[in-house]
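Let me begin by presenting the structure, written as structure tokens, before commenting on it.
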2 protein chains.
Amino acid sequence: MTDDEWVPPQVLLAIDLVILTLRDNQLNVLLVQRGIEPYRGQLALPGGFLRDADERILAAAHRELFEEAGLHGDHLHLEQLAVYGDPGRDTRGRVVSVAYLAIAPGLPEPEAGTDASGACWCPVDQALSAAAQLAFDHRTILSDGVERARSKLEHTALATAFCGPTFTISELQQVYEAVWGVRIDPRNFYRKVQRSEGFIEPAGPVRKSDTGRPARLFRAGPRQVLNPPMTRSTDAEGTSR
Amino acid sequence: MTDDEWVPPQVLLAIDLVILTLRDNQLNVLLVQRGIEPYRGQLALPGGFLRDADERILAAAHRELFEEAGLHGDHLHLEQLAVYGDPGRDTRGRVVSVAYLAIAPGLPEPEAGTDASGACWCPVDQALSAAAQLAFDHRTILSDGVERARSKLEHTALATAFCGPTFTISELQQVYEAVWGVRIDPRNFYRKVQRSEGFIEPAGPVRKSDTGRPARLFRAGPRQVLNPPMTRSTDAEGTSR
DNA sequence: ACAATAGTGTCTGTGAGACATTATGCA
DNA sequence: TGCATAATGTCTCACAGACACTATTGT
């Protein structure tokens, strides 16, 4: 079409991870402090380049997930989020990054000393505030990831991925409250998740807590898409004209 | 981390387009017949490589949209779908493709003679049937694109993108019926879209048709996300255990 | 007994779906 | 007048949200 000698340009392929978890009833994201240029010393999402030309992209995401956070595949939700590839987003050349969204159950401090020179959980509110100054376009990526998680909570069973293998209903409720940033009536929530066919199923007897009546335990059910969905009261959306 | 001499591998970046429209009350997709290897002569989604290292990915999508289908940006919905980059999906090397979903109002036969040696609209049912044999992993991409369109119809105003600048309510209904493959009660549909704040707004007087009472015309409203959503009766989903 | 959380029951408003009815054009 | 489609009204059932109430633990 153009020159006979024209060949398409090549690009560097990177993976970025938005790893969300719940800590202390707050939605947290895993951030690392960059050890190399560009943006040396600044906070960034964990990630890296494709290792070699034969590595699958999803495999690279899993590899980075392990290298930078010490997490491996089991009990972990991992899904493609979007591609970010604007020219100039990385000074090292044309870098196209595939972002993945990972949801992990509540975890203690991350394993340090692997790849990243310092990884830490950070509340997303804080990471998204103007003061945080994430590297590259990672603020956009994080924002997209959080919005995706919020949305998927509505009509999929994603919420169970934030919990351990078994959980109580009020623990599940805390997931919704933390991710959506709203308060939910426990009685209505209880009925709703119970009725939602295949969402959760009974597991073991009860979990005793320090105070109050012990709660029954549940595990994630077989159904991934919820019917009916968990409508969050979306009272301020759309274009305000 | 590994060798001092290690450099990340480079890949070729491609764009693939899932261009959907409505023709004769059927959901159609634009396909081209490949003029070059690999998969020469087979049907494929329109697409191509990044032109140069400075081109934005979205710009490349718009460029291909024009080159291969003669469509340009106005009155056109275009959104990122996903990335497909498995090794071996293209024999020319490691090709990572960013798929875009485009929705166009009903259109006549596409402009031939630009880039693709023959482009044509094809009913999606037919394109997805086993007999079609699309090139590369384009069957998967098309399938993902259609599912995305179906899903977005529920809680966004995407349906209006299938229509012209003005449309009647029954035309809008035909969009839903065609994309979802269901029948909808016209009276209930009428009330529902009317009540949905900001979805559609009156435009001009009426459109006369060959038969029956003329219908009022509407245009797309300012609101993109619908509240309440247009629930399609999702009676068979999730994992059947 | 009391505090605290788990779990159940009841009421009310709203919307979805089924379907009758009226309105407005043309042959 | 008859036909076809547009537009509106009515009914019923199911569910969301509000909230009173009972149950079961520890102190």
Side-chain angles (χ1 to χ4, degrees), chain A residues 25 153-155 159 163 166-177 180 182-219 225-237, chain B residues 25 153-155 159 163 166-177 180 182-219 223 225-236:
Chain A
N25 276 353
L153 232 49
E154 287 189 77
H155 32 261
C163 303
T166 65
F167 46 86
T168 68
I169 290 191
S170 69
E171 283 170 354
L172 189 63
Q173 177 182 340
Q174 286 164 15
V175 173
Y176 279 92
E177 293 185 331
W180 283 348
V182 298
R183 298 285 295 173
I184 303 174
D185 184 298
R187 292 99 83 184
N188 293 334
F189 184 84
Y190 197 97
R191 274 190 297 103
K192 190 156 186 175
V193 294
Q194 287 273 45
R195 279 189 197 164
S196 187
E197 193 68 28
F199 187 8
I200 59 175
E201 49 190 28
V206 292
R207 166 170 300 169
K208 349 169 216 358
S209 103
D210 304 7
T211 173
R213 168 177 174 178
R216 287 185 287 202
L217 284 173
F218 295 83
R219 73 171 68 90
V225 1
L226 297 185
N227 195 15
M230 305 291 292
T231 49
R232 68 175 144 163
S233 26
T234 161
D235 284 335
E237 295 211 77
Chain B
N25 275 354
L153 232 49
E154 287 190 76
H155 33 261
C163 302
T166 65
F167 46 86
T168 68
I169 289 192
S170 70
E171 283 170 355
L172 190 63
Q173 178 183 341
Q174 285 165 14
V175 173
Y176 280 91
E177 293 186 331
W180 283 349
V182 298
R183 297 285 295 173
I184 302 174
D185 184 297
R187 292 97 85 183
N188 294 332
F189 184 84
Y190 197 96
R191 275 190 296 102
K192 190 155 184 174
V193 293
Q194 287 272 45
R195 280 190 197 161
S196 189
E197 193 69 29
F199 187 9
I200 59 175
E201 48 189 30
V206 292
R207 165 172 302 170
K208 348 169 214 7
S209 100
D210 304 7
T211 174
R213 170 177 174 178
R216 286 184 289 201
L217 284 174
F218 295 83
R219 74 171 67 90
R223 177 168 289 230
V225 0
L226 298 185
N227 194 16
M230 305 289 294
T231 49
R232 68 176 144 163
S233 26
T234 160
D235 284 334

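Chain letters run A, B, ... following the sequence lines, proteins first, then strands; residues in each count from 1. Keep in mind that what you see is a predicted model, and the values were worked out from it rather than measured. Just so you know, these numbers use all the heavy atoms, side chains as well, and skip hydrogens, waters and symmetry mates.
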Item to check | Residue met sooner reading DNA chain D from 5', once A:Pro214 and A:Asp185 are mapped to nucleotides | outcome: A:Asp185
Checklist entry - To the nearest angstrom, how far is A:Gln194 atom CD from C:dG9 atom P? => result 12 Å
Checklist entry - Tell me, do B:Leu153 and B:Tyr176 make a side-chain contact under 4.5 Å, heavy atoms counted? => result yes
Checklist entry - Within a strict 4.5 Å, meaning less than it, do heavy atoms of the A:Phe167 and A:Val175 side chains meet? => result no
Checklist entry - Quick one: is D:dT8 close enough that its OP1 or OP2 comes under 4.0 Å of any side-chain N or O from B:Tyr190? => result yes
Next on the checklist: I want to check something: taking the side chain as every heavy atom from C-beta on, are A:Val206 and A:Thr168 in contact at a cut-off of under 4.5 Å?
Outcome noted: no
Which protein N or O atoms sit under 3.5 Å from an N or O of nucleotides 10-16 of chain D?
residue : atom : partner  : partner atom : Å
D:dA16  : OP1  : A:Lys192 : NZ           : 3.2

Item to check | Check: B:Lys192 and B:Thr231 side chains under 4.5 Å, non-hydrogen atoms | outcome: yes
Checklist outcome for this item: Separation of C:dA6 atom C1' from A:Phe167 atom CZ, nearest Å, is 16 Å
Item to check | Rounded distance (Å) that lies between atom C1' of D:dA18 and atom CD1 of A:Ile184 | outcome: 15 Å
Next on the checklist: Could you check whether any side-chain heavy atom of A:Phe189 comes within less than 4.5 Å of a side-chain heavy atom of A:Met230, counting everything from C-beta outward?
Outcome noted: yes
Item to check | Length of the line joining A:Arg213:CZ and C:dG7:C1', which is rounded to integer Å | outcome: 5 Å
Checklist entry - Hey, does B:Arg195 have a side-chain heavy atom less than 4.5 Å from the side chain of B:Tyr190? => result no
Checklist outcome for this item: Taken to the nearest whole Å, CG/A:Asn227 to C1'/C:dA16 is 13 Å
Checklist entry - Would you say the side chain of A:Pro202 lies within less than 4.5 Å of the side chain of A:Arg216, judging by non-hydrogen atoms? => result no
Item to check | Net bend of the helix from C:dA1-D:dT27 to C:dA27-D:dT1, end axes of five pairs each, nearest 10 degrees | outcome: 10°
Checklist entry - Can B:Arg223 and B:Glu197 be counted as an ion pair, charged N to O under 4.0 angstrom? => result no
Checklist entry - Can you tell me if the side-chain N/O atoms of B:Arg216 get under 4.0 Å from OP1 or OP2 in D:dA7? => result yes
Checklist entry - Taking the side chain as C-beta and beyond, is there a heavy-atom pair between B:Ser196 and B:Asn227 under 4.5 Å? => result no
Next on the checklist: Using a heavy-atom cut-off of 4.0 Å across all strands, would you classify A:Ser170 as base, sugar-phosphate, or nothing?
Outcome noted: sugar-phosphate
